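Worksheet: the structure to be examined is printed underneath.
Heavy atoms only: backbone and side chains are in, while hydrogens, waters and symmetry mates are out. One-based numbering, in listed order, for ligands and for the atoms of each. All of these numbers come straight from a predicted model, not from anything done at the bench.
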Amino acid sequence: MSDARYQHQPLSGEDRTRLERLFGRLQDESAHFLGYPCNRNFDYSELYRFLAFPVNNVGDPYVDSNYHLQTHAFEREVLAIFEQLTEAPAGETWGYVTNGGTEGNHYGLFLARELYPTGVVYYSQDAHYSIGKVLRCLGLPSIMVRSRPDGSMDLDDLRETLRIHRSVPPIVCATVGTTMKGAVDEIAAIHGLFEEFALERHYLHADAALSGMILPFVEDPPAWNFRAGVDSIAISGHKMIGSPIPCGVVLAKKANVERIASGVEYIGTLDTTLTGSRNGHTPLFLWYAFHTTGLEGFRRIIPGCLAMAEYAVERLAAIGLEPWRHSYSNTVVFNRPRAEITSRWQLACQGTLSHLITMPHVTREQIDRLISDIEQPQAHRDTTAAIEPAAAHTAASEPIVLVGTGDDDLLDRVSQALAAEHISIDELTAVSVDEGSVVRVRVSDRPRALRILNEAVDMGRDYGRRSLLAGEQASQLLSRVDYQQAATDAVLVRLDDRVGEFASLAHQCHEAGLQLRTVRILWRGKKTAIAELTTSEPSRLRALLAERVIVDEDEAAGETALPLSNAPKAAGPS
Ligand SMILES: Cc1ncc(COP(=O)(O)O)c(C=O)c1O
């Protein structure tokens with residue numbers, strides 16, 4: 001990597017700005033991440049140095065290959081833990097770390113087809129959308145079974161269907177935690193139906209993408225695993241455990257896997273997995289999670305998620321959205337709120353229903369904010385008025401904070417661009433820092449404003465065509481100004497641009513027992529820099545660094561605020 005022949009040229013200022021803007025957007029959006037089951041509470045920074053190697057777990061994790069840059073030993077340890085969690089009979093299962101739940105389902109159904117080429121697959125209406133696609137890939141005939149209103153497979157319908165097709169081996173793809181409602185199909189009762197119709201040749205795959213990492217930690221869970229008689233099981237790793245790269249595991253009965261294994265001389269191992277090259281980093285992430293959070297940690301975290309789900313049920317019930325959940329699930333289903341809310345909080349929707357999922361990063365405060373957003377009257381959108389009265393506050397009322405890094409007048413351009421898009425500014429603060437500026441606005445339509453501010457410039461610049469998402473005028477105005485967007489939960493501080501300045505700030509935080517989650521220099525002037533800090537305790541951080549803080553939440557309209565006409569000039573890029 002230090003070889004000069006492979007030295008890349010440095011990124012252009014424009015490219016760097018794009019990356020910064022992407023970072024800001026991801027930070028901002030992750031503060032409203034309630035609808036999808038991906039835990040964002042993780043810190044794998046200790047593993048970043050392994051990204052310097054082309055790690056590849058190609059081939060069977062249990063067989064040494066000729067490709068030595070691999071993490072098979074760690075992968076096997078992860079699999080052993082999942083064997084324990086799924087109550088696999090000792091020494092009788094095999095598995096590998098996949099790219100996610102979908103690949104695990106593909107693998108399980110692939111094994112089933114190899115075992116029963118004439119089989120028919122039964123899956124419920126509430127099964128994940130990937131199942132239909134996998135079945136098409138595998139060319140397997142299938143029958144969709146009705147679901148009950150609670151999301152579980154309707155066993156009366158399955159019984160009738162099995163009765164009609166008694167001559168073909170059934171392959172049941174049961175869902176252990178349905179995507180929308182968190183329901184678990186009744187594995188034991190499905191086995192009961194095999195017995196009832198004397199169906200001796202059968203296969204049962206469990207799609208346990210999310211709940212496979214919940215049920216092992218729930219008191220009195222429904223039957224769901226190898227002990228209940230499944231033949232294979234797929235669980236996602238990036239969901240409850242959390243990982244920056246999607247991943248999962250699939251476990252299957254060894255005897256079935258041995259039927260499909262074939263040796264490959266080129267890699268010097270067995271070709272037992274679905275893909276050839278396999279991610280060697282994700283097994284390391286999972287291993288790290290099990291060795292840091294540990295099973296003990298998950299034993300605390302998962303009941304905490306269920307308690308948080310119950311809190312969400314109570315709050316949503318109080319505002320009449322008729323929420324409900326399965327007692328073993330952190331998925332809370334409720335009547336679909338308006339689009340502005342589902343977009344802002346990234347709530348998954350199906351017909352008249354929405355859900356939120358209380359993953360470990362979800363806090364009471366976020367649920368309270370969701371409720372207060374829902375309760376706010378719908379934003380009034382007058383397409384002819386450029387600026388609405390400040391009283392017309394919207395539901396999504398968090399400010400957008402921009403830090404100017406260009407030659408142009410940030411405040412002027414941003415306010416003009418928003419006006420051109422008929423987005424009204426309800427509140428505005430601008431602060432001059434050295435030659436830079438910080439602009440803080442509350443707007444009538446925050447999601448649309450963010451789209452315009454984040455994407456219009458990129459699209460206009462990159463493709464030399466008119467923005468599809470924002471108006472042409474806004475694009476043009478914004479393409480002439482450089483800025484970064486600060487994260488919603490960030491604290492912006494002023495730093496003297498001298499050696500040791502940041503080290504002293506970091507030391508101050510450390511001494512006060514405050515852990516900084518991220519630190520980002522948003523703008524650098526001749527003598528001063530503006531840094532964005534995030535932490536789980538922003539108010540403590542604000543108090544600690546009071547004299548450095550820029551645009552404090554509480555003093556937004558205070559003495560540092562500038563009137564619209566007195567826009568600060570942003571500095572040129574350093
Ligand atoms: C029940 C179920 N199965 C499969 C999947 C797909 O998992 P992945 O996204 O890990 O491929 C999901 C994803 O949400 C799911 O809910």
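The stretch residues 31-56 participates, sequence neighbours left out, in no salt bridge (Lys or Arg N to Asp or Glu O under 4.0 Å) pair at all.
Close approach of ligand 1 to Lys239 is summarised as follows: ligand atoms under 4.0 Å from at least one heavy atom of the residue are 5 (C), 6 (C), 7 (O), 8 (P), 9 (O), 10 (O), 12 (C), 13 (C), 14 (O). Here is the list of ligand 1 atoms found below 4.0 Å of a heavy atom in Gly100: 10 (O), 11 (O). Atoms of ligand 1 lying under 4.0 Å from any heavy atom of Ser236, numbered from 1 in the order shown and given with element: 7 (O), 8 (P), 10 (O). Set against the non-hydrogen atoms of Gly177, the atoms of ligand 1 under 4.0 Å away are 1 (C). In the vicinity of Gly101, heavy-atom distances shorter than 4.0 Å reach the ligand 1 atoms 7 (O), 8 (P), 10 (O), 11 (O). Ligand 1 places these atoms under 4.0 Å from at least one heavy atom of Ala209: 2 (C), 3 (N), 4 (C), 5 (C), 12 (C), 15 (C). Near His238, the atoms of ligand 1 lying under 4.0 angstrom from a non-hydrogen atom of the residue are 9 (O), 10 (O).
Contact annotation for Asp207 and ligand 1: only side-chain heavy atoms (C-beta onward) come within less than 4.0 Å of the ligand.
Contact annotation: Glu103 has no heavy atom less than 4.0 Å from any atom of ligand 1. Not a single heavy atom of Pro246 sits less than 4.0 Å from an atom of ligand 1.
When only non-hydrogen protein atoms are considered, atom 11 (O) of ligand 1 lies nearest to Thr102 OG1, 2.6 Å. Taking atom 12 (C) of ligand 1 as the reference point, the nearest protein heavy-atom neighbour is His128 CD2, 3.3 Å. Nearest protein heavy-atom neighbour of atom 16 (O) of ligand 1: Thr179 OG1, 2.9 Å.
Ring orientation note: the planes of Trp287 and His291 are close to parallel, at an angle under 30° on the 30°/60° scale.
With values rounded to the nearest 0.5 angstrom, Tyr36 atom OH is found 8.0 Å from Gln346 atom CD.
The closest donor-acceptor contact from the side chain of Asn330 to the backbone of Cys305 lies at 3.5 Å or more, if one exists at all.
Residues Tyr107 and Thr98 fail the side-chain proximity criterion, which asks for heavy atoms closer than 4.5 Å.
Ion pairing of Asp368 with Arg315 is present here, as a side-chain N (NZ or NE/NH1/NH2) and a carboxylate O approach within less than 4.0 Å. Under 4.0 Å is where a charged nitrogen must lie from a carboxylate oxygen, and between Glu186 and Arg148 at least one such pair does. Ion pair Arg344/Glu340 not flagged as a salt bridge, since none of the NZ, NE, NH1 or NH2 atoms sits closer than 4.0 Å to an Asp/Glu carboxylate oxygen.
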Could you go step by step and tell me if His205 and Ser232 meet the side chain to side chain donor-acceptor pair (under 3.5 Å) rule?
-> CA-CA 5 Å; His205 172 74; Ser232 51; 2.8 Å; yes

